[in-house]
Amino acid sequence: MKSSLTLIFALIFGLHTIGFSQEKPLRILMIGAHPDDCDIKAGGTAALFVALGHEVKFLSVTNGDAGHMEMGGGMLAKRRYEETQEVARRLGVTYDVLDNHDGELLPTLEIRLDIIRKIREWDADVVLAPRSNDYHPDHRYTGILVQDAAFMVGVPNIAADTPPLRKNPVFLYYQDHFQKPNPFEPDIAIDISSVIDKKIEALDAHVSQFYEWLPWISNDSDPIPSGKEERKAWLKSKRTSAPNPAVVKALEEWYGAKKAGNVQYAEAFEICEYGTQPDKEELKRLFPMLK
């Protein structure tokens with residue numbers, strides 16, 4: 001009798017605990033200028049979110065129709081869209097592409113309203129985007145567009161056809177190496193060593209970019225392997241590097257010095273001043289892989 005009561009109590013207590021410990025999945029929106037930017041900047045973090053049961057959307061603000069040396073226009077845009085959908089399948093994310101021309105992006109009101117709608121429709125808890133200082137004008141203007149949208153997502157009379165958010169998301173910037181007018185400051189650093197091959201698998205889906213266009217535009221003379229696994233190994237050698245000293249310092253703050261010393265691959269993010277300003281505990285909630 002006593003053992004039966006113990007079992008019943010354990011079952012009830014267990015269900016009670018489950019009921020109160022489960023949280024609504026986080027909704028993460030990663031925004032890039034082109035149909036491979038989110039993958040490059042935060043593909044590993046996206047894979048970790050998905051593995052933890054959270055929902056991730058990638059959004060490309062342009063259709064990528066200029067990013068090739070032999071093809072362009074609608075044919076290239078179609079090819080690149082198909083590549084994004086293969087990435088979505090491989091990573092377990094949703095991938096949207098806006099129909100703006102590659103290389104011609106401007107921070108217009110019309111596109112700002114489109115981004116406001118996308119943030120609202122996704123009901124985003126976290127929004128990630130590039131900073132507004134970057135070598136590529138599309139990257140710079142994507143950063144400006146997201147910054148301009150940051151407060152407006154909660155204003156009912158702006159983009160009034162889409163209900164406003166009742167919370168302001170946390171907005172963050174992707175890591176970059178640009179120093180002027182101010183360098184990137186990593187507030188968060190995520191160890192992606194366990195999912196680095198998953199990230200490379202996603203990048204590998206962008207055949208038009210990583211095996212054709214980007215080697216050509218960068219005058220990379222290294223021969224591109226023909227075998228599938230050899231290609232991915234080559235891509236990993238080109239698209240990964242050890243964390244820099246600033247990122248290592250951020251890793252130490254989140255993981256401790258001992259664990260940080262073993263991190264091979266990381267992605268880092270800076271908090272934008274225009275959205276909700278989270279404290280450390282809130283960041284742990286929004287980035288549960290840091291717990």
Problem set entry | Ionic contact status for Asp220 with Lys238, cut-off 4.0 Å | yes
For this session: Give me the one residue out of His68, His136, His101, His206 that meets ring-ring contact (aromatic ring centres under 6.0 Å, His included) with His34.
Result: His136
Exercise. Is there side-chain contact between Cys272 and Val170, with at least one heavy-atom pair below 4.5 Å?
Worked result: no
Exercise. Are the charged groups of Arg90 and Asp204 less than 4.0 angstrom apart, N to O?
Worked result: yes
Problem set entry | Hphob cluster co-occupancy, Met289 + Val263, side-chain heavy atoms under 4.5 angstrom | yes
For this session: Please step through salt bridge (charged side-chain N to carboxylate O under 4.0 Å, His left out) for the pair Lys78 and Asp65, ending with a clear verdict.
Result: CA-CA 8 Å; Lys78 181 176 184 294; Asp65 60 357; over 6 Å; no
For this session: Please say whether more than 12 non-hydrogen atoms of neighbouring residues, nucleotides or ligands are located less than 6.0 Å from NZ in Lys259.
Result: no
For this session: Please tell me if the side chains of Pro137 and Leu105 come closer than 4.5 Å, counting only heavy atoms from C-beta onward.
Result: no
Exercise. Would you say the side chains of Ser193 and Asp191 form a donor-acceptor pair under 3.5 Å?
Worked result: yes
For this session: Inspect the contact between Lys41 and Asp176 and indicate whether a charged nitrogen and a carboxylate oxygen are less than 4.0 angstrom apart.
Result: no
For this session: Spell out, as yes or no, whether a donor-acceptor pair under 3.5 Å connects the side chain of Ser60 to the backbone of Thr62.
Result: yes
Exercise. Where the side chain of Gln277 meets the backbone of Gly275, is there a donor-acceptor pair that is under 3.5 Å apart?
Worked result: yes
Exercise. Using 4.0 Å as the upper bound for N to carboxylate O, is an ion pair formed by Lys199 and Asp39?
Worked result: no
For this session: Is it possible for you to check whether Lys284 lies under 6.0 Å from the centre of the six-membered ring of Trp254, through NZ or CZ, and within 45° of that ring's axis?
Result: no
Problem set entry | Flag side-chain contact, heavy atom, 4.5 Å: Leu26 against Glu55 | no
Exercise. Below 4.5 Å, heavy atoms only, C-beta onward: do Ile31 and Val127 meet side chain to side chain?
Worked result: yes
Exercise. Does the Arg27 side chain pair with the main chain of Asp125, one donor and one acceptor, at a distance under 3.5 Å?
Worked result: no
For this session: Can you measure from CG (Leu203) to CG (Leu91) and round to the nearest 0.5 angstrom?
Result: 8.5 Å
Problem set entry | Check: Ser132 and Ile144 side chains under 4.5 Å, non-hydrogen atoms | yes
Problem set entry | Intermediate values then yes/no, side-chain hydrogen bond (donor to acceptor under 3.5 Å, both in side chains), Glu104 and Tyr141 | CA-CA 10 Å; Glu104 300 179 11; Tyr141 295 141; over 6 Å; no
Seminar exercise, completed: Which of Glu185, Glu270, Gln147 passes side chain to side chain donor-acceptor pair (under 3.5 Å) with Tyr173? It is Gln147
For this session: Spell out, as yes or no, whether a donor-acceptor pair under 3.5 Å connects the side chain of Asp102 to the backbone of Gly67.
Result: yes
Exercise. Heavy-atom count around Phe178 CZ within 6.0 Å, excluding the residue itself: above 12?
Worked result: yes
For this session: Would you indicate whether the side-chain heavy atoms of Ile115 and Leu113 approach each other to under 4.5 Å?
Result: no
Problem set entry | Glu281/Arg285 ion pair, N-O < 4.0 Å | no
Exercise. If you measure from the Lys or Arg side-chain nitrogens to the Asp or Glu carboxylate oxygens, is any gap between Arg80 and Asp36 under 4.0 Å?
Worked result: yes
For this session: Might you work through the salt bridge (charged side-chain N to carboxylate O under 4.0 Å, His left out) test for Lys198 and Glu201, ending with a clear yes or no?
Result: CA-CA 5 Å; Lys198 190 83 171 174; Glu201 181 78 10; over 6 Å; no
Problem set entry | Value rounded to 0.5 Å, distance of CG in Asn168 from CE in Met152 | 11.5 Å
Exercise. Counting only N and O atoms by type, is there a donor-acceptor contact under 3.5 Å from the side chain of Glu267 to the main-chain atoms of Gly44?
Worked result: yes
Problem set entry | Close side-chain approach of Ile188 to Leu290, heavy-atom, < 4.5 Å | yes
Exercise. Can you tell me if Thr240 uses its side chain to pair, donor with acceptor, with the backbone of Ser237 under 3.5 Å?
Worked result: no
For this session: Treat each ILVMFWY residue as a node, draw an edge where side-chain heavy atoms are under 4.5 Å apart, and state whether Leu98 and Leu128 are in one component.
Result: no
For this session: Kindly confirm or rule out a cation-pi arrangement of Arg231 over Tyr211, judged by NZ or CZ under 6.0 Å from the six-membered ring centre and within 45° of its axis?
Result: yes
For this session: Using the rule that two of Ile, Leu, Val, Met, Phe, Trp, Tyr join whenever any of their side-chain heavy atoms come within less than 4.5 Å, decide whether Leu109 and Ile116 are in one cluster.
Result: yes
Exercise. Using 4.0 Å as the upper bound for N to carboxylate O, is an ion pair formed by Arg79 and Glu212?
Worked result: yes
Seminar exercise, completed: The reported gap from CG in Asp37 to CG in Asp138 (rounded to nearest 0.5 angstrom) is 8.5 Å
Problem set entry | Lys249/Glu253 salt bridge by N-O under 4.0 Å criterion | no
For this session: Indicate yes or no for a side-chain donor-acceptor contact from Arg120 to the backbone of Val153 under 3.5 Å, with no hydrogens or angles considered.
Result: yes
For this session: Could you tell me whether Phe58 and Tyr95 have their ring centroids closer than 6.0 angstrom?
Result: yes
Exercise. Applying the 4.5 Å side-chain criterion to the ILVMFWY set and letting contacts propagate, would Leu286 and Ile192 be lumped into a single cluster?
Worked result: yes
For this session: Please examine the side chains of Trp122 and Lys118, heavy atoms only from C-beta on, and report whether any two atoms are closer than 4.5 Å.
Result: no
Exercise. Counting N and O atoms only, with roles assigned by atom type, does the side chain of Glu83 sit under 3.5 Å from a partner on the main chain of Ser208, one being a donor and the other an acceptor?
Worked result: yes
Exercise. Is Tyr81 atom OH crowded by more than 12 heavy atoms from other residues, nucleotides or ligands, each under 6.0 Å away?
Worked result: no
Exercise. How are the rings of Trp216 and Trp213 set to each other: parallel, tilted or perpendicular (split at 30° and 60°)?
Worked result: parallel
Exercise. Ring centres of Phe287 and Phe49 under 6.0 Å apart?
Worked result: yes
